[in-house]
Amino acid sequence: MPIYEYECQDCGRRFEELARMGEEKAPACPKCRSTKTRKLLSACSVSPGKAGTRSTPSCTPGGGFS
Ligand SMILES: [Zn+2]
């Protein structure tokens, strides 16, 4: 089962969530409960979108996050 890493855009906390089949919704931050989280993918960046909306992952050379 894949585990995805997320980053909270409010407090910067990074956390991991098990990917659930058919669920694209961003999980809430475990620290501040913000839903402004984005999925981190290795060597890929996800364009920030509003929570609950689908965002299209786009791969960028060299990684898209720091
Ligand atoms: Zn947070």
Rounded distance (nearest 0.5 Å) linking atom [atom1] of [X] with atom [atom2] of [Y]:
{"X": "R38", "Y": "R14", "atom1": "CZ", "atom2": "CZ", "result": "7.5 Å"}
{"X": "K36", "Y": "D10", "atom1": "NZ", "atom2": "CG", "result": "4.5 Å"}
{"X": "E16", "Y": "Y6", "atom1": "CD", "atom2": "OH", "result": "11.0 Å"}

In the structure I gave you, are the side-chain heavy atoms of R13 and P30 within less than 4.5 Å of one another anywhere? yes
Of all heavy-atom pairs between R33 and A28, which one has the smallest distance, and what is that distance? O-CB, 4.1 Å
In short, C8 meets T37 closest at the heavy-atom pair CA-CG2, 3.9 Å
